[in-house]
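Hydrogens, waters and symmetry mates play no part in the numbers below; they use all other heavy atoms, side chains included. Just so it is clear, the model here is predicted, and its values are computed rather than measured.
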Amino acid sequence: MSYCEGFLHAENRNLTGCSTPSLLFAFNATEALTKDAGNTTSLSSLGWPSSITDDLRTFGATSQSMGVFYCIGIGLAGLVVLERLWFVIAKGPRQTVVEASSLMLSFTMLSIPSIIATVIALQFVNLINRHGEESGVTARYGHQFLGMTWAAAGLLLVGGMVSLLTVMVDRNRSAAYEPVAEPKTVAADSDSVGSNEKGD
């Protein structure tokens, strides 16, 4: 959602500031570096590889699409929580089809940016390091972010499966305990039939 800047000494990081967070964030290296340089020099004079600028520009649209998918997934998960609270207060059913569907859709929406983030971590970082090797530009991906995004997707998958199984079990139980109407039968009165025969 933002980028931060500072100084890196061995394993210690000293951050001096971060940009304003945005849901549709895309890192613009040209803007960030020229701002730090006081807008008085070009990136080529700083030794910044133009190939990395092109890589980051290509990655920008992908980064913004990740934000859209995250917003949709989190919104759906939030709606499920509100719906469950309402059913708890109103003493409604344990689970509904809408809840199960929303959870599975939310899992899908969070899985897409998680896959994109994984591809970026494994491929895009290597691309930046290869293009910036001669200029001393390096990139590393965050293990914590990947763990967090896949943990969220996994929990939504488990919640969706449990919700779906609960709906199916409840429907089977209601079908098993549904009263079955007995068929109506007409029984002949043998005594009355016999007396009629004798009378004739």
Side-chain angles (χ1 to χ4, degrees), residues 1-82 102-157 159-160:
M1 295 177 62
S2 64
Y3 73 90
C4 296
E5 55 186 348
F7 300 94
L8 180 63
H9 302 286
E11 295 299 325
N12 297 324
R13 292 181 298 176
N14 182 19
L15 299 180
T16 57
C18 295
S19 64
T20 304
S22 173
L23 290 176
L24 301 179
F25 169 74
F27 179 58
N28 189 333
T30 303
E31 179 182 349
L33 291 174
T34 53
K35 180 181 178 181
D36 284 345
N39 298 319
T40 58
T41 183
S42 62
L43 293 183
S44 58
S45 62
L46 295 175
W48 181 264
S50 60
S51 57
I52 294 184
T53 302
D54 296 335
D55 294 338
L56 291 173
R57 186 180 297 112
T58 304
F59 166 66
T62 305
S63 176
Q64 290 178 335
S65 66
M66 289 174 59
V68 173
F69 282 115
Y70 275 125
C71 289
I72 296 174
I74 294 172
L76 288 171
L79 287 177
V80 172
V81 172
L82 293 177
S102 298
L103 283 171
M104 296 306 293
L105 186 58
S106 179
F107 160 72
T108 304
M109 292 296 103
L110 259 68
S111 295
I112 293 174
S114 298
I115 293 172
I116 295 174
T118 304
V119 172
I120 290 172
L122 300 178
Q123 300 297 327
F124 187 75
V125 168
N126 293 334
L127 182 66
I128 294 294
N129 290 332
R130 187 167 64 250
H131 288 167
E133 183 177 3
E134 296 181 357
S135 304
V137 178
T138 60
R140 289 184 300 179
Y141 66 88
H143 297 276
Q144 293 179 347
F145 177 77
L146 286 181
M148 180 179 63
T149 186
W150 280 114
L155 289 173
L156 284 170
L157 176 61

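Closest approach of Met66 to Pro113, counting heavy atoms only: CE-O, 3.8 Å. Considering every non-hydrogen atom in both Thr62 and Ser65, the closest pair reads O-OG, 2.6 Å.
Here the side chains of Ile120 and Ile116 are in contact, with some heavy-atom distance below 4.5 Å.
Of the possible donor and acceptor atoms, none in the side chain of Ser19 sits under 3.5 Å from a partner among the backbone N and O of Ser2. A donor-acceptor contact shorter than 3.5 Å links the side chain of Ser63 to the backbone of Phe25. In this structure, the side chain of Thr149 does not engage the main chain of Phe145 through any donor-acceptor pair within 3.5 Å.
Note that the CE atom of Met109 and the OG atom of Ser102 stand 12.0 Å from one another [nearest 0.5 Å]. One finds the OG1 atom of Thr118 at 5.0 Å from the CH2 atom of Trp150 (value rounded to the nearest 0.5 Å). With rounding to the nearest 0.5 angstrom, the CG atom of Leu156 is 9.5 Å from the CE atom of Met104. Annotation: the span from Phe69 atom CZ to Leu110 atom CG amounts to 11.0 Å, rounded to 0.5 Å. The OG1 atom of Thr108 lies 9.0 Å from the CG atom of Leu157; values are rounded to the nearest 0.5 Å. A distance of 9.0 Å separates CZ in Phe107 from OG in Ser114, rounded to the nearest 0.5 Å.
The side chain to side chain contact (heavy atoms under 4.5 Å, CB included) with Leu103 is formed by just one residue from the set Leu79, Leu155, Leu76, Val80; it is Val80.
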